[in-house]
Amino acid sequence: MTFIYPTDSNKAHPLPLSPDYKSSIKRAPNKPLIPMRHTLSELTGPVYGHETVREGDNDLTSQHSGEPLGERIIVHGHVRDEDGRGVPNSLVEIWQANSCGRYVHVRDQHPAPLDPNFTGAGRTVSDAAGYYRFVTIKPGAYPWGNHHNAWRPAHIHLSVFGHSFVTRLVTQMYFPNDPLFPFDPIFNSVPDEKARARMVSSFDLENTQPEWALCYRFDIVLRGKNATPMENT
Amino acid sequence: MQDNGITPSQTVGPFFKYGLTPNGEYAWNDAFTSSTLTPDVTGDRIRVEGRVFDGDGVAVPDCMLEIWQADAQGRFADPQDKRALPNASFRGFARCGTDKDGNYAFETIKPGAVPDPDGKPQAPHILLAVFGRGMLRHLYTRIYFSDEAGNAADPVLALVPAERRATLTAMRAVGKPVYRLDLRLQGDNETVFFDV
């Protein structure tokens, strides 16, 4: 038996065409999306055990011979659905800039140093309760050419799968009280203020480790299953 | 006060390649490749390829595509599919970035028919999710096959205006198990995307 995911949940997402984000202007569909009933194809999704993830892939500070530069942080939280259920065995992939705001990418030409001890990619699988944890470096803000004096707020990209192809989510985790929020068209592409706030992590003193690393909590909420069951044939 | 609303989507941006599609270009192992093939997979091996274009017809070099599909018997490698029998290590998921000319390609098998919610067979299809810079949320579409008679009765294709169905139909090459489908994010021949 599988369940239908309500499409109402999608209202939290950004509008495809957000003209302040210039790259969306030629890449957002002009025609309305065609609504359809979920079939088994949409209601199933790739399943991951731990076999694609190596031990240590969730520690971005230990991938090279030396310590990366910048502020070491812990990022942790739960992958849940709208009904508050933890989503176990969900692959969580992250990627980010280094502490100077530079990505390891051939097209990133921001004149900030690359850190030989930090490449900015990690992955983990949520446990039976949906819990995940990373150790990384707080990314820096970086300039981008979208508009005059455009700087992205510091952020970590996250990719999460959930239980079906329609719960697939790619998002960005931001840091509390970033002064760049009001000026960032990607952050502000999410129309609802409460939904926007869900992309901002919270400082977690309780799990901050003395003499070692600050901690941020970021819970990821995927679409939940409607109560209406659908029998498989 | 716990807020149970979903976490909104954000763009993968232009710099996802290290994390998601290293494809041997970076010192980070791939979680996924552009192939679903496993040594024990059964079914007809095919290649699905094409290019991605923006509203100006310019190739999109920073797209990421993901496919999800049934096996040759129409069964998904997911415990939620109670019909599934462990017949192979086939998983049905693959990921691919576009190159500088907007090209993508997947090596996979031709999927079998999957039932719709009423139990009627859908025509063989592959689910496709399109991510990229400039795309605040990924787009969902489907890939159908030009040589499948079942397309005419497919309940999802039937939702699509007849003149737009070609945007979902990969054309089989002559004499080769290769299907070709270009994706247009915007414009006159815009690919059909679904609200799921």
Side-chain angles (χ1 to χ4, degrees), chain A residues 2 7 9 12-14 16 18 21 23-24 26-31 33-47 52 82 84 93-95 103-105 107-108 119-121 123 157 159 165-166 168-172 186 189-190 194-195 198-199 220-223 230 232-233, chain B residues 3-20 26-29 31 54-56 60 68 70 76-83 91-93 114-117 119 122 125 127 129 131-139 156 159-160 185-187 190 192-196:
Chain A
T2 46
T7 49
S9 312
H13 290 305
S18 295
Y21 174 30
S23 295
S24 79
K26 291 295 179 184
R27 294 184 172 193
N30 289 147
K31 298 183 168 68
L33 307 186
I34 295 185
M36 59 171 283
R37 281 202 295 172
H38 294 161
T39 76
L40 203 51
S41 307
E42 287 74 34
L43 296 170
T44 52
V47 178
T52 53
E82 287 172 280
E93 298 165 278
I94 66 170
W95 68 103
Y103 283 91
V104 177
H105 191 286
R107 291 180 63 200
D108 185 358
T119 41
R123 60 172 79 106
H157 296 265
S159 158
F165 208 57
V166 299
R168 181 87 178 87
L169 176 73
V170 170
T171 189
Q172 297 178 24
I186 295 179
S189 67
V190 173
K194 275 163 66 182
R198 291 180 212 128
M199 301 188 291
I220 303 157
V221 182
L222 306 178
R223 287 165 73 177
M230 185 191 85
N232 288 345
T233 49
Chain B
D3 173 4
N4 271 336
I6 65 166
T7 308
S9 169
Q10 296 273 269
T11 177
V12 292
F15 301 136
F16 57 83
K17 282 182 188 286
Y18 201 104
L20 298 181
Y26 299 101
W28 175 243
N29 67 320
D54 71 9
D56 287 333
V60 179
W68 169 240
F76 287 99
D78 178 336
Q80 295 177 101
D81 184 351
K82 300 301 185 200
R83 308 160 311 139
R91 302 293 286 274
F93 180 82
V114 172
D116 80 354
Q122 303 180 72
H125 61 271
L127 265 63
F131 302 77
R133 174 177 65 86
M135 300 168 66
L136 290 155
R137 188 178 177 221
H138 61 281
L139 293 165
V156 174
L159 301 170
V160 176
L185 303 178
Q186 191 184 79
E190 183 176 306
V192 167
F193 298 106
F194 292 99
D195 178 11
V196 294

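Of all heavy-atom pairs between B:Val156 and B:Gln122, the closest is CG2-OE1, 3.8 Å. Nearest heavy-atom pair, A:Val47 versus B:Ala77, reported as atom, atom and distance to 0.1 Å: CG2-O, 4.0 Å. Across B:Leu136 and B:Ser9, no two heavy atoms sit closer than the pair O-OG, 2.7 Å. Of all the heavy atoms in B:Thr11 and A:Ile186, the pair that sits closest is CG2-CD1, 4.0 Å.
For a residue to count as touching a neighbouring chain, one of its non-hydrogen atoms must lie under 4.5 Å from one of that chain's; by this rule A:Pro16 touches chain B with the backbone only. For a residue to count as touching a neighbouring chain, one of its non-hydrogen atoms must lie under 4.5 Å from one of that chain's; by this rule A:Tyr21 touches chain B with the side chain only. The contact between B:Val12 and chain A is made by backbone and side chain atoms together, counting heavy-atom distances below 4.5 Å. If you measure heavy-atom distances from B:Ala27 to chain A, you find no contacts under 4.5 Å at all. Using a 4.5 Å cut-off between heavy atoms, A:Ile220 touches chain B through backbone and side chain atoms alike. Using a 4.5 Å cut-off between heavy atoms, A:Val170 contacts chain B through both its backbone and its side chain. At a 4.5 Å heavy-atom cutoff, the contact between B:Arg91 and chain A is made by side-chain atoms alone. Residue B:Ala31 touches chain A through both its backbone and its side chain, counting heavy-atom pairs closer than 4.5 Å. Only the side chain of A:Thr7 comes within less than 4.5 Å of a heavy atom of chain B; its backbone N, CA, C and O stay farther away. Proximity to chain A involves both the backbone and the side chain of B:Val196, based on heavy atoms less than 4.5 angstrom apart. Proximity to chain B is limited to the side chain of A:Glu93, based on heavy atoms less than 4.5 angstrom apart.
With respect to chain B, the highest number of heavy-atom pairs below 4.5 Å among A:Leu169, A:Thr52, A:Ile94 belongs to A:Leu169. Counting heavy-atom pairs closer than 4.5 Å to chain A, the top residue among B:Leu159, B:Val160, B:Leu127, B:Val192 is B:Leu127. In terms of heavy-atom pairs under 4.5 angstrom with chain B, the leader among A:Ser189, A:Pro35, A:Pro46, A:Gly120 is A:Pro46. The most heavy-atom pairs under 4.5 Å with chain B, out of A:Ala12, A:Ala28, A:Ser41, come from A:Ser41. Each of B:Gly55, B:Gly13, B:Pro8 has some count of heavy-atom pairs under 4.5 Å with chain A, and the biggest count is that of B:Pro8. Top candidate by heavy-atom pairs under 4.5 Å with chain A, chosen from B:Phe76, B:Phe16, B:Tyr26, is B:Phe76. Comparing A:Arg107, A:Glu42, A:Lys31 by heavy-atom pairs within less than 4.5 Å of chain B, the highest count is held by A:Lys31. With respect to chain A, the highest number of heavy-atom pairs below 4.5 Å among B:Phe194, B:Trp28, B:Phe193, B:Tyr18 belongs to B:Trp28. Looking only at heavy-atom pairs under 4.5 Å with chain A, the residue among B:Leu185, B:Val114, B:Leu20, B:Thr7 that has the most is B:Thr7.
In the model, A:Trp95 has no side-chain atom that pairs as donor or acceptor with a side-chain atom of A:Ser159 under 3.5 Å.
Going from atom CE of A:Met36 over to atom CG of B:Asp116 covers 9.5 Å, rounded to the nearest 0.5 Å. In this structure, NE2 on B:His138 lies 13.5 Å from CD on B:Gln10, to the nearest 0.5 angstrom. Rounding to the nearest 0.5 Å gives a distance of 9.5 Å between CG of B:Asp78 and CG of A:Leu43. With rounding to the nearest 0.5 Å, the separation of CZ in A:Arg27 from CG in B:Asp56 is 10.5 Å. In this structure, A:Glu82 CD and A:Arg223 CZ are separated by 8.0 Å, a value rounded to the nearest 0.5 Å. Distance CG/B:Asp54 to OG/A:Ser23: 10.0 Å, rounded to 0.5 Å.
By the 30° and 60° cut-offs, the orientation of the rings of A:Phe165 relative to B:Trp68 is parallel.
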